[in-house]
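Have a look at the structure below before the remarks.
Below, each value reflects all heavy atoms present in this structure, side chains not excepted, and no hydrogens, waters or symmetry copies. We count ligands from 1, going down the list as the structure has it; atoms in each ligand are counted the same way.
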Amino acid sequence: MEIIRANNYDELSAKACELVLQQVQTARNSVVGLATGSTPEGLYQKLIEAYQNGQVSFKDLTTFNLDEYAGLRGDDPNSYRYYMNDKLFNHIDLPQNQAFLPNGNAADLAKECRDYDKQIRDAGYIDLQILGLGLNGHIGFNEPGTPFDSRTHVVELDDTTREANARFFPSKDDVPHQALTMGIGTIMESSQIVLLASGEKKADAVSKLVHGELTEAIPSSILQKHQHVTIIGDEEALSRI
Ligand SMILES: N[C@@H]1[C@@H](O)[C@H](O)[C@@H](COP(=O)(O)O)O[C@@H]1O
């Protein structure tokens, strides 16, 4: 596990951008896994800038997002599809049909999850997966207790996760109770994983991820077993390791 210490959020975003560009410039038809939440927003801003400066084209890239809320349409401003369109996809030359997210509004969610895993497989698996980190150690929406070998599946969100994400919604009651997420097994099949963590509130989760016991109670602890993980954190997030 490599740990990169950034002095601040801007530097963290720049370092993450460097790794993504390296991947895409080495193989234009790369498959990159993307995350939502506030942490990767700076990365997406930097990717847009790199595209606008003519440094990179995303025409041959395929992306798979980690997760999506259940029951929200893609044009709902709280859906992750909307977030991705708004923060990244609408501003770069990535073809829409190469940008995958689970469909949270599918009639048969279990089938949607199976299909999503198959789409990832058919694309040749993920070359580089970006991850954020939940306060309870979740990755994607894999809450504590999720089996390490899980595939893309429907989850009941922890109350603490709904609380943490309530800031994006009018109120906590509006936060869906379910979501679709790539499984931990699915995530672990990525060739490279880059986890981003910013701020003091993530320090405890980062410390458990790096030094804690390998346990399904801390989903991110599985990353200790991956052969190519980079954690990029700012000083506050890395203050306890
Ligand atoms: N499903 C997402 C996760 O993928 C993300 O890592 C986490 C942390 O979000 P933030 O970066 O806003 O702290 O939030 C949500 O729960």
Just heavy atoms, cut-off under 4.0 Å: does [X] contact ligand 1 by side chain, backbone, both, or neither?
| X | result |
| --- | --- |
| D67 | side chain |
| R167 | side chain |
| Y69 | neither |
| S38 | both |

I'd like to know if the side chain of E235 and the backbone of R5 have a donor-acceptor N/O pair within less than 3.5 Å.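 No.
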
Kindly say whether T160 contributes a backbone atom to a donor-acceptor pair with the side chain of D158 at under 3.5 angstrom?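 No, the answer is negative, given that no donor and acceptor are paired below the 3.5 Å cut-off.
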
Please list the nearest protein heavy atom to [atom] with its residue and the distance rounded to 0.1 Å.
| atom | value |
| --- | --- |
| atom 2 (C) of ligand 1 | Y80 OH, 3.7 Å |
| atom 13 (O) of ligand 1 | K202 NZ, 2.6 Å |
| atom 16 (O) of ligand 1 | H138 NE2, 2.9 Å |
| atom 9 (O) of ligand 1 | G37 CA, 3.9 Å |

So if I apply the side chain to side chain contact (heavy atoms under 4.5 Å, CB included) rule between V194 and each of L43, L19, I4, I231, which one comes out positive? L19

Centroid separation Y80 to Y69 less than 6.0 Å: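 Yes, ring centres under 6.0 Å apart.
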
Quick check, are the ring centers of Y116 and F64 under 6.0 angstrom apart?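 Between Y116 and F64, the centre distance is under 6.0 Å.
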
For [X] and [Y], test the side chains for any donor-to-acceptor distance below 3.5 angstrom and give the result as yes or no.
| X | Y | value |
| --- | --- | --- |
| S191 | D127 | no |
| N136 | E143 | yes |
| Q129 | Q192 | no |

Closest to atom 4 (O) of ligand 1 among G140, A205, G199 (heavy-atom distance):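 Heavy atom nearest to atom 4 (O) of ligand 1 belongs to G140.
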
In terms of its nearest heavy atom to atom 8 (C) of ligand 1, the top option of T36, L133, T39 is L133

Taking 4.0 angstrom as the limit and counting only heavy atoms of G132, give me the atoms of ligand 1 inside it, by number and element. 6 (O)

Could an N or O of ligand 1 be found under 3.5 Å from any N or O of N165, whether backbone or side chain?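 Yes; at least one N/O pair falls below 3.5 Å.
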
If we only count N/O pairs under 3.5 Å, is T161 in contact with ligand 1? no

Any non-hydrogen atom of R162 lying under 4.0 Å from ligand 1?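 R162 does not count as a contact of ligand 1 under the 4.0 Å cut-off.
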
Could you please spell out the steps behind the salt bridge (Lys or Arg N to Asp or Glu O under 4.0 Å) verdict for D75 and R81? CA-CA 7 Å; D75 58 359; R81 168 64 77 178; over 6 Å; no

